[in-house]
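A quick write-up on the structure given underneath.
No experiment lies behind these values; they were computed from the predicted model shown. Just so it is clear, the values below take in all heavy atoms, side chains as well, and ignore hydrogens, waters and symmetry mates. Within every chain, numbering begins at 1; the chains are lettered A, B, ... in the order of the sequence lines, protein sequences first and strands thereafter.
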Amino acid sequence: MVKAQIPEKDKVVKPMEAAFRVTRLSAYYGAKEALKDVTLDIPKRSVTAIIGPSGCGKSTFIRCFNRMNDLVREFRIEGEILYNGTSIYSDRVDIIELRREIGMVFQRPNPFPKSVFENVAYGLRIQGISRKSALKETVEESLKKAALWDEVKDRLHGSALSLSGGQQQRLCIARAIAVNPKVILFDEPCSALDPIASAKIEDLITELKKDYTVVIVTHNMQQAARVSEFTGFFMLGELVEFDVTKKIFTAPSNKLTEDYITGRFG
Amino acid sequence: MRKSALNKWTDRSFFAVGLIATLTGLGVLLILLTDVLTDGSGRLSWQFLTSYPSRRPEEAGILSAWAGTAWIMALTGVIAFPLGIMAGIHLEEYGKKNWFTGLIEINIANLAGVPSIIYGLLGLGLFVRTLALGRSVIAGAATLALLILPIIILSTREALRSIPFSIREASYALGSTKWQTIRYQVLPAAMPGILTGTILAMSRAIGETAPLITIGALTYVAFLPASPVSAEFPFINLNGLSDAFTVLPIQIFNWVSRPQKGFFANAAAGIIVLLTITFLMNAVAIWLRHRYQKKIRW
């Protein structure tokens, strides 16, 4: 049924089920148009990278998926985003539930000024889970999935802010995993990290796609090429090209895409 | 070479100026304390703390005044602290930006600078007369609470504003409601700043005389407000709220204006008691602040 609805031009994602179906999405900050008429499908259980020069609307785009833009005054959208068939901007959607299912990791590591343990446990605590054993179990499991457990298991009750930048970012990933999401959005997760810490995050993302749908915004094209299966190239708020990553980086069909990935601008 | 010598000289002279400025403040405080201690320490005794005022200086005591101050300060804190924090949270986190909230903001900033006697007149009109609370402990505390409310609101807002937006974002992204984000992330992180503002506000309130005289605090009180704890169920007794009262600054002022030398010593001893209570109050607030700072791990 679902497959039958996918239009001809999106054939590339046909073998996979779509987690998000974006249809004619435009976004505005007041009078300023940040996204223009974007249509694409984000496939389930894979990594989709969003690339493009600064100010092309890629962060705005990814922040539509968990309605993080709602925090911005005068932000509004036109068009539709379907998540598993439900329009996420409809009034019936519980934004709290939505954000539990669609986690996010931000550009700069932003752990809470609390202990490592409390950082990961917070998402559970606000859901009313307070049983010590349940919390402990989930915290350990999440930290293991985020490849951080071995580094912090002896300092779970020390400040999260005493960790290194890369560790903090993996802690933020563990924190997102702890509430058991289906999707994890990464908004330039490595832009504040050194190459070694970035490589660890990339490995982790590759690992995560087995269980989660991953969308990653990045200004680093090598990173997009390394971690993703699908890539969307944005420019000035428009989706220029969306295809299998390999094709985007070897045989792009649009001249702009080719110019950008070969470094002629951007 | 010459440049670096000049820099060194500038450094040193700035250090000297800073040191002198610091020592001036400390020096004056030290002189004041020595003066008060030499004048008043001889008069400090158990008898002084447990006696009511009297026209004979050697029999006069400060019981009703320090008990009144304790009552007033405790109540002022109980009223002003939650109200101030809630108002601050509302204005900073929930208030929409429009001309009305703008007006409220300007007024609160102005209110923090209004002379205290004006609050006394407000208290007299509102609490003593209109609400018919009389010249009572509760009327006095409510007046002082109004006086320090703007300071607490302003410092709460300032403290909330200093919490980075990224913390809120992180909390929302995990599926927190706005209230959960404020309650579990923003407020705890802002608490040390809020408490610092409250310490300053309470220290201002404890020394206030004018507004309390305006609402009719007495200068001669030979009884105590009814004790807040009672032996029988429900063990709490709020009758003290409606009793008349005096406070330390009023008692001190009263003694200073007497001609007899003995009252002069009483006034000095009264100042020592007032300072001690102020220090104790601040110590509690600083201890609380430290506990919060330890809980948040920047």
Side-chain angles (χ1 to χ4, degrees), chain A residues 62-63 65-74 94-128 155 157-163 168 171-172 175-181 184-187 192, chain B residues 85 89-102 104-105 155-196 288-298:
Chain A
I62 199 177
R63 278 160 179 259
F65 294 130
N66 62 345
R67 292 187 58 172
M68 220 50 195
N69 288 324
D70 289 16
L71 301 177
V72 181
R73 210 166 288 162
E74 295 196 352
D94 181 357
I95 196 163
I96 304 298
E97 286 296 322
L98 179 82
R99 288 185 185 145
R100 273 178 200 160
E101 209 155 297
I102 303 170
M104 185 168 224
V105 176
F106 296 85
Q107 197 165 351
R108 295 187 161 275
N110 57 354
F112 301 124
K114 295 176 185 283
S115 68
V116 172
F117 184 91
E118 283 305 324
N119 260 279
V120 185
Y122 175 68
L124 300 168
R125 285 196 192 278
I126 56 172
Q127 294 183 30
R155 49 204 277 211
H157 299 284
S159 171
L161 290 139
S162 66
L163 301 179
Q168 287 188 15
L171 178 65
C172 292
R175 183 173 69 183
I177 291 173
V179 294
N180 197 21
I184 306 179
L185 309 170
F186 289 86
D187 188 0
Chain B
I85 290 186
I89 290 176
H90 179 85
L91 286 172
E92 193 58 36
E93 306 283 340
Y94 291 93
K96 297 208 165 50
K97 288 263 173 283
N98 56 28
W99 65 270
F100 183 66
T101 50
I104 291 179
E105 266 166 44
S155 56
T156 301
R157 298 192 60 182
E158 207 60 54
L160 291 174
R161 212 173 303 158
S162 71
I163 307 306
F165 186 68
S166 61
I167 298 289
R168 296 161 207 262
E169 260 186 343
S171 177
Y172 284 126
L174 288 168
S176 305
T177 60
K178 183 164 192 167
W179 167 240
Q180 285 171 329
T181 301
I182 294 170
R183 166 72 185 77
Y184 297 112
Q185 299 299 344
V186 181
L187 200 56
M191 217 35 163
I194 295 174
L195 285 171
T196 307
L288 275 174
R289 190 174 66 187
H290 264 275
R291 273 196 37 176
Y292 266 104
Q293 263 162 349
K294 256 202 283 178
K295 251 199 265 170
I296 54 168
R297 292 153 195 264
W298 286 112

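Side-chain N/O atoms of A:Y122 and B:S171 include a donor and acceptor closer than 3.5 Å.
Qualifying side-chain hydrogen bond (donor to acceptor under 3.5 Å, both in side chains) partners for A:N119, counting only residues two or more places apart in sequence or in other chains: A:R175.
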Would you tabulate the side-chain donor-acceptor contacts of residues 100-107 of chain A under 3.5 Å, counting partners in other chains and residues two or more places apart, or write 'none'?
residue: A:R100; atom: NH2; partner: B:G175; partner atom: O; Å: 3.4
residue: A:E101; atom: OE2; partner: A:Y83; partner atom: OH; Å: 3.0

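With contacts defined as side-chain heavy-atom distances shorter than 4.5 Å, the pair A:I184/A:P181 qualifies. The shortest distance between side-chain heavy atoms of B:L160 and B:R157 does not fall below 4.5 Å.
Contacts from residues 91-101 of chain B to chain A, taken as heavy-atom pairs separated by less than 4.5 Å, involve B:K97 in sequence order.
No other option in A:E97, A:R99, A:Q127 has as many heavy-atom pairs under 4.5 Å with chain B as A:R99.
Contacts classified as side chain to side chain donor-acceptor pair (under 3.5 Å) and involving residues 183-192 of chain B (residues at least two apart or in different chains) are not found.
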